[in-house]
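Below: one structure, written as structure tokens.
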Amino acid sequence: MPEEVDDAAEAGLPLEAPVELSLDILRHSAAHLMAAAVCELFPGTQYDVGPAIEDGFFYNFLLPDDRHLSEVDLVAVEERMRALAARRIPYQREVLARDRARSLFEAMGQSFKVAIIDRLGEEVESVAVYRTGDFVDLCRGPHVADSGLLTTVKLLRVAGVYWRGDEANPQLQRIYGTAWLTPGDLAAYLERLAEAERRDHRRLGRELEMFHFEPSAPGMPYWLPNGVIVLNELIDFWRRDHRARGYHEVMTPLINEKALWETSGHWDHYREDMFLFPVDEQTTYGLKPMNCPNAHVVFNLRRHSYRELPLRYSDIDPLHRFERSGTLHGLLRVRKFMQDDAHIFVTEEQIEGEYARILEITRIYYGIFNLEYSLRLGTRPTDFMGDPETWDRAEAALLRILEANAGIPFTVEAGEGAFYGPKIDILMKDAIGRSWQTGTIQLDFQQPRRFGCEYIDASGAARTPVTIHRVIYGSLERFVGILLEHFAGQLPLWLAAVQVEVVPVQDDVEAVMECARGLAGRLEAAGLRAALSDHPGERMQARIRDAELRKVPYVVVVGKRDVERGDDVVTVRDTRRGGTAQRSVAELVAVLSEEVASRRPG
RNA sequence: GCCGACGUAGCUCAACGGUGGAGCGGCGGUUUUGUAAACCGUAGGUUGGGAGUUCGAAUCUCCCCGCCGGCUCCA
């Protein structure tokens, strides 16, 4: 998300009466104190902006001699902050005429502050500054009374950030920190981070042997048998369901000659993100980063009547995008992925109805996993294709649809649309609260025109359809990553690689092993993914622990006693909820099969 | 791509200028056990790759690759 710098908040006025202490105020004051500490440690530092954010705060600095901060510097800064806190320095507010404030900061060599003042609207005549000892900051406030309150503060990390969030600008040094009202709150927050680390899909993917990354293929996952089961279940469900919804699946080439990408507009607008390779002097191929161009090729294979619309082509071909190396992130940001993709050709009048149908699919699919999501309307980017009037019309249509889609929260992000049209994105959060786009429903007036797509309307005239590009899961890779973190690895039964494992108590007793093998076979025959514990010589306890660690949802233990009883009743351990239950095998099959069929999260 | 950290056995980590270790996992054996780790033994590493400094480099320097946290970019 582009960094939002709120100049008004950084400078602006409204003078409030003393306010109740809030975490935001505490954190914002901690940011000031941190800046004061940095300025003391590195005289000549220029400070930019330093807001409170979710769970903490940051401040951006330009250090003298273009010095860069490393994590060891945080120790010194934190120590200096503690010393400043101990001195109980008051936060003093002053309101200055705009010109006076400008010359104050200019005299101090604080050019970022001067720039902020210069960006303020002309109507702003005075601004507020806060003094904390020798440190002066342009700031609306409010703040804590004095620095004595700022004791439960921890600095977390440093980062290089582009000034005003623009890559063309020089980089500043940012320090992130967190601040809480009590030491207990701080400890709880750090524990929350530790829990998130345990839910990290990259760790779970390795532990559960679902996927692997190799240095020779950065960002391109190797899907291992356990991971393929999850992918295939998701795809099978999607495929059946979408057939029933009138979608027609196609498969198209993974590479096409440059000419196709020129027609689609990708050559001009997306080339930097594509894997391109020459095959001889005249010919360059591109590995597809999106399915849309070939979907338009398929549409054009024959003439279409308006009666066929909406015409829905789906496909899950692998896509490759040459993402910049620093942006890769486990399964959540990859270079090779598949999508539950579809391209729907509609008339302009059909747009709203089709969007409603797609949003309904979204509700159902995310509901299956109890996933919470929000929607985002992305509007015309700077690098757009087509004419602004068409864009305005399309954006207005999508806004109407979002407003009619009661209950689901949405935001509007200017400039976040695709180069060929505006879009509605589905947003999800990972274990540590980072936001990721999963599904997207995009409107496209450009590619059908560029590919010369046509249908014959009721009056016999040829007209250009509109294309809706849509994915619900989005990238299957990303979706699996999100699912793993959401369920902390304990996937719903229908997705579990092994759904039920049979553990023998005495593995040297042939009758017991016979019973265990037979049971596993019966469960398999009933359509469940069953496995026989395969640790020769291990004790039952060790086998159970192994199954627990592999997050097998159900474990059935059988031993001499069961064999001797001979009543076909076994003890079933439910590893997700804990506890065991006695069940007949028939009952076990029925209960598990029902849970699989229901796709319940568990 | 940019800023900062990191890269030692399959995994988690130790050794931090003087001959590379542990636990788990693997393998072999002993044990046959009733709901989250039995015991003994054993194999396994050109310390991410390359160059340099040094009598000597996992350790110091540089380059490359990967990876982690941010920034930017985007499913």
Side-chain angles (χ1 to χ4, degrees), chain A residues 1-3 58 60 66 68-74 156-163 165-176 200 202-203 206-207 209 212-219 270 272-273 289-290 319 321 323-335 337-341 378 381 416 418 423 425-428 432 434 436-440 442 469 471-479 481-482 503-509 512 535-549 555-562 571-575 578-580:
Chain A
M1 212 185 294
E3 184 187 327
F58 69 75
N60 295 343
D66 195 33
H68 292 166
L69 291 168
S70 85
E71 268 146 45
V72 296
D73 295 317
L74 297 189
L156 298 174
R157 61 185 77 95
V158 294
V161 298
Y162 299 104
W163 183 53
D166 186 340
E167 208 174 3
N169 288 337
Q171 269 200 341
L172 308 179
Q173 299 288 300
R174 173 179 295 178
I175 303 179
Y176 284 96
D200 190 314
R202 292 165 296 188
R203 166 201 283 261
R206 183 174 57 237
E207 289 173 354
E209 294 189 278
H212 167 79
F213 286 96
E214 190 68 13
S216 65
Y270 209 77
E272 295 301 305
D273 293 292
M290 298 183 194
L319 304 176
R321 297 185 185 174
E323 301 292 349
R324 298 205 275 182
S325 59
T327 65
L328 302 177
H329 182 95
L331 289 181
L332 299 184
R333 185 61 183 273
V334 291
R335 284 180 173 159
F337 58 102
M338 293 171 282
Q339 301 187 110
D340 57 324
D341 211 354
E416 288 291 302
K423 56 179 186 161
D425 293 329
I426 301 168
L427 301 178
M428 299 268 328
I432 66 169
R434 284 179 292 221
W436 298 91
Q437 177 182 328
T438 52
T440 182
Q442 313 183 340
H469 309 233
V471 292
I472 307 297
Y473 297 134
S475 148
L476 283 161
E477 277 74 1
R478 178 175 287 180
F479 196 78
I482 292 276
V503 168
V505 182
Q506 303 89 2
D507 76 350
D508 64 331
V509 178
V512 170
H535 295 266
E538 280 296 351
R539 294 170 68 218
M540 174 207 65
Q541 285 89 338
R543 294 166 182 271
I544 290 171
R545 179 166 192 273
D546 177 64
E548 288 269 2
L549 292 176
V555 176
V556 180
V557 175
V558 292
K560 277 183 193 163
R561 299 209 296 250
D562 305 291
T571 311
V572 184
R573 165 185 274 258
D574 181 332
T575 68
T580 58

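Hydrogens, waters and symmetry mates play no part in the numbers below; they use all other heavy atoms, side chains included. If you're wondering where the values come from, they're calculated on a predicted model, not measured in any experiment. Just so we're on the same page: letters track the sequence lines, and every chain starts at 1.
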Please classify the nucleic acid contact of [X] as base, sugar-phosphate, or nothing, using heavy-atom distances under 4.0 Å.
| X | value |
| --- | --- |
| A:Arg202 | sugar-phosphate |
| A:Ser325 | base |
| A:Thr327 | base |
| A:Val555 | nothing |
| A:Thr571 | base |
| A:Gln171 | base |
| A:Val557 | base |
| A:Arg335 | nothing |
| A:Arg206 | sugar-phosphate |
| A:Asp546 | nothing |
| A:Gln442 | sugar-phosphate |
| A:Arg157 | sugar-phosphate |
| A:Leu319 | nothing |
| A:Tyr176 | sugar-phosphate |

*For A:Gly439 and for A:Ser216, locate the closest nucleotide of RNA chain B by heavy-atom distance; then report the residue assigned to the nucleotide nearer the 5' terminus.*
A:Ser216
*Within this structure, what is the CG-to-P distance between A:Asp507 and B:U31, rounded to whole angstrom?*
13 Å
_Distance in angstrom units between A:Phe213 CZ and B:G10 P, rounded_ = 20 Å
Verify the contact: side-chain N or O of [X] to OP1 or OP2 of [N], cut-off strictly under 4.0 Å; return yes or no.
| X | N | value |
| --- | --- | --- |
| A:Gln506 | B:U32 | no |
| A:Lys423 | B:A75 | yes |
| A:Arg203 | B:U12 | no |
| A:Arg561 | B:U35 | no |

With both distances kept under 3.5 Å, what pairs with [N], Watson-Crick or G-U wobble?
| N | result |
| --- | --- |
| B:C62 | B:G50 |
| B:A36 | none |
| B:U42 | B:G26 |

Could one point to a donor on the side chain of [X] or the base of [N] with an acceptor on the other under 3.5 Å away?
| X | N | value |
| --- | --- | --- |
| A:Glu323 | B:A75 | yes |
| A:Arg324 | B:U72 | yes |
| A:Glu548 | B:A36 | yes |

Side chain of [X] only, please: which of [options] is the nearest?
| X | options | answer |
| --- | --- | --- |
| A:Gln541 | B:U33, B:A5, B:A75 | B:U33 |
| A:Arg573 | B:G70, B:G34, B:A36 | B:A36 |
| A:Pro215 | B:A38, B:A36, B:G66 | B:G66 |
| A:His68 | B:C3, B:G69, B:G34 | B:C3 |
| A:Arg478 | B:C74, B:U33, B:C67 | B:C74 |
| A:Tyr162 | B:C71, B:C67, B:C74 | B:C71 |
| A:Glu167 | B:U72, B:U32, B:A38 | B:U72 |

*Basic-acidic side-chain contact under 4.0 Å: A:Arg321, A:Glu477*: no
*Evaluate whether atom CD of A:Glu207 has more than 12 neighbouring non-hydrogen atoms of other residues, nucleotides or ligands under 6.0 angstrom away.*
yes
*Has A:Glu272 got more than 12 heavy atoms of other residues, nucleotides or ligands less than 6.0 Å from its CD?*
no
_Is it true that A:Glu214 and A:Ser216 share a donor-acceptor pair across their side chains at a distance under 3.5 Å?_
no
*Under the 5.5 Å and 30° test, is A:Phe337 stacked on the base of B:A75?*
yes
*Got A:Arg333 and A:Arg478 here, is their nearest side-chain heavy-atom distance under 4.5 Å?*
yes
